[in-house]
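Written out below as structure tokens is the structure these notes cover.
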Amino acid sequence: MSDYSFFNDVCSYVDKAGKFTEHPIGLIEQIKACNSVYKFNYPIRLADGGYHVITAWRVQHSHHRLPVKGGIRYSSNVNEDEVMALAALMTFKCALVDVPFGGAKGGVCIDTGDYKVQELESITRRYTTELIKKNFIGPALDVPAPDYGTGAREMAWISDTYTTFFPEQINAYGAVTGKPVSLHGIRGRTEATGRGVFYGIKEAVSIAEDMKALGLQPGLEGKKIIVQGLGNVGYHSAKYLQEGGAIITGVAEYNGGIYNEDGLDIEELLQLKKSSGAITGYNKGKAVENSLEMLEYECDILVPAALENQITSENAPNVKAKIVAEAANGPVTKDAEAILLKKDVMILPDLYLNAGGVTVSYFEWLKN
């Protein structure tokens, strides 16, 4: 997989769609290209007096509408290709739901577990300062948001740093979304992506002829669902799906999963994860050490809500779900997609399914 490019995968979808349009090749090339890629390194001082050099990116994919919009990811696996791909997906996602933003994405190459809270604050504030220096953040230019490894806390640090530099800007709070409600955020933003996933799946399973073709009954009631990832998106997706009558039979986390075909209690699992850092100690289900295996378990709907490239050409032939609902960005590779479609699996694409987050971010941006 070393020569694999997530960005090239995203571009290939544009090429595939472009053949059905009358746009000239040059315009298709422009649609694919990232307008600006900014990579930078900066030092931070650690609590013990030492130093670390942090590598970070901000990619602005398309300036066809301003500001550009996209989350900031904190992950030790983040790289330039990934940030470019995620920025491109943001462009197409915003276009699909007709939110007036271009696409962008940020990445900071760290494992958040390696740093104390005050060190994470230093990393975030310095990242914001670097973006300000290069005009890569602002309510009319580029508006970040939370992503994997970040949340309302980090957005509050970004907002505070930005308003410190620009106290006279009337729209300064609009420079970042996903802020805490008490600091000019908007109600419902935290759960927006997961709620959107729920509504997207609910709509898909309500269409009788499509469900008949898959051998399923219409409606969510009694559908068996496996969710990969119990982060913000995975948890809220599972919570609303469970409340809607579905049975969550499995939850897969990076450090192990839990399976019970009679169903799991999502709230109990979340509390266990918060208290112990893992869900494998849950006593009302079977612990699964290699949670990737769970993508191949029997279920009606599989909801990958973690990272990209989880369903590949290697495990796609063994996927038994009738519907794969892409709650994460790019969880199914191009090769895997072809395999799943050949098996008549319905794929609900990420561009549509997880666009609830950016939709509510738009409301927050307007409010500010």
Side-chain angles (χ1 to χ4, degrees), residues 6-7 10-11 13-14 27-40 56-74 78-108 124 127-150 154-155 158-159 161-163 165-166 169 171-179 185-186 189 192-193 308 329-330 350-352 354-368:
F6 184 16
F7 180 64
V10 174
C11 289
Y13 289 121
V14 181
L27 183 56
I28 301 294
E29 290 302 312
Q30 164 59 25
I31 288 170
K32 291 189 297 184
C34 287
N35 290 165
S36 308
V37 180
Y38 179 33
K39 178 185 178 183
F40 49 104
W57 292 266
R58 186 70 181 170
V59 173
Q60 297 179 346
H61 173 258
S62 176
H63 294 148
H64 75 290
R65 282 177 153 180
L66 287 174
V68 291
K69 187 90 188 72
I72 299 169
R73 174 169 293 195
Y74 284 9
V78 81
N79 59 51
E80 191 166 300
D81 178 78
E82 177 185 68
V83 181
M84 288 167 66
L86 293 168
L89 285 171
M90 281 302 301
T91 293
F92 309 138
K93 189 185 301 183
C94 292
L96 185 70
V97 292
D98 201 19
V99 169
F101 295 136
K105 206 74 178 186
V108 180
T124 306
Y127 177 81
T128 310
T129 305
E130 294 297 321
L131 295 182
I132 289 168
K133 280 191 213 168
K134 297 288 185 189
N135 249 1
F136 263 72
I137 184 172
L141 296 170
D142 186 335
V143 181
D147 194 73
Y148 182 87
T150 60
E154 287 76 15
M155 301 310 110
I158 291 171
S159 179
T161 306
Y162 186 84
T163 52
F165 274 84
F166 302 106
Q169 260 194 30
N171 299 322
Y173 291 122
V176 60
T177 61
K179 302 180 293 294
I186 195 166
R189 173 62 188 90
T193 309
E308 65 274 2
N329 290 312
D350 51 357
L351 291 185
Y352 158 73
N354 67 28
V358 74
T359 304
V360 177
S361 273
Y362 171 59
F363 300 148
E364 182 179 339
W365 178 76
L366 281 180
K367 172 192 166 186
N368 296 149

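Remark: Lys39 pairs with no residue by the salt bridge (charged side-chain N to carboxylate O under 4.0 Å, His left out) rule, at least two apart or across chains. Residues passing the ring-ring contact (aromatic ring centres under 6.0 Å, His included) test with Tyr173 are His184, sequence neighbours excluded. Contacts of Phe165 classified as ring-ring contact (aromatic ring centres under 6.0 Å, His included), with partners at least two apart in sequence or in another chain: none. Not counting sequence neighbours, Thr163 has no partner by the side chain to side chain donor-acceptor pair (under 3.5 Å) test. Annotation: ring-ring contact (aromatic ring centres under 6.0 Å, His included) contacts of Phe92 (sequence neighbours excluded): His61. Considering only residues two or more places apart in sequence or on other chains, Ser361 meets the side chain to side chain donor-acceptor pair (under 3.5 Å) condition with Thr177, Arg189. Scanning for ring-ring contact (aromatic ring centres under 6.0 Å, His included) contacts around Phe101 gives Tyr362, Trp365, with sequence neighbours left out. By the salt bridge (charged side-chain N to carboxylate O under 4.0 Å, His left out) test, Lys179 is found to be paired with Glu364, residues two or more places apart in sequence or in another chain being considered. In this structure Lys367 satisfies the side chain to side chain donor-acceptor pair (under 3.5 Å) test with no other residue, sequence neighbours excluded. Taking Phe363 as the reference, Ile186, Thr359, Val360 meet the side chain to side chain contact (heavy atoms under 4.5 Å, CB included) condition, with sequence neighbours excluded. Residues passing the side chain to side chain donor-acceptor pair (under 3.5 Å) test with Tyr162 are Gln169, sequence neighbours excluded.
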### Task
Would you please test Ile158 and Ile72 for side chain to side chain contact (heavy atoms under 4.5 Å, CB included) and show each step?
CA-CA 11 Å; Ile158 291 171; Ile72 299 169; 3.6 Å; yes
### Query
side-chain hydrogen bond (donor to acceptor under 3.5 Å, both in side chains) between Thr124 and Tyr74: does it pass, once the steps are laid out?
CA-CA 10 Å; Thr124 306; Tyr74 284 9; 2.7 Å; yes
### Task
Check step by step if side chain to side chain contact (heavy atoms under 4.5 Å, CB included) holds for Leu351 and Leu89.
CA-CA 7 Å; Leu351 291 185; Leu89 285 171; 3.8 Å; yes
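Counting heavy atoms from C-beta on, the side chains of Val143 and Lys69 come closer than 4.5 Å.
Judged as a salt bridge (Lys or Arg N to Asp or Glu O under 4.0 Å), the pairs with a partner in residues 80-90 (not counting sequence neighbours) are, in order, Arg73-Glu82.
Each of Trp57, Phe40, Tyr38 was compared with Tyr127 under the ring-ring contact (aromatic ring centres under 6.0 Å, His included) criterion, and only Phe40 meets it.
Taking both residues in full, the closest heavy atoms of Gly102 and His64 are given as CA-CE1, 4.1 Å, listed atom of the first, atom of the second, then distance.
Between the side chain of Lys105 and the main chain of Arg58, no donor-acceptor pair closer than 3.5 Å is present.
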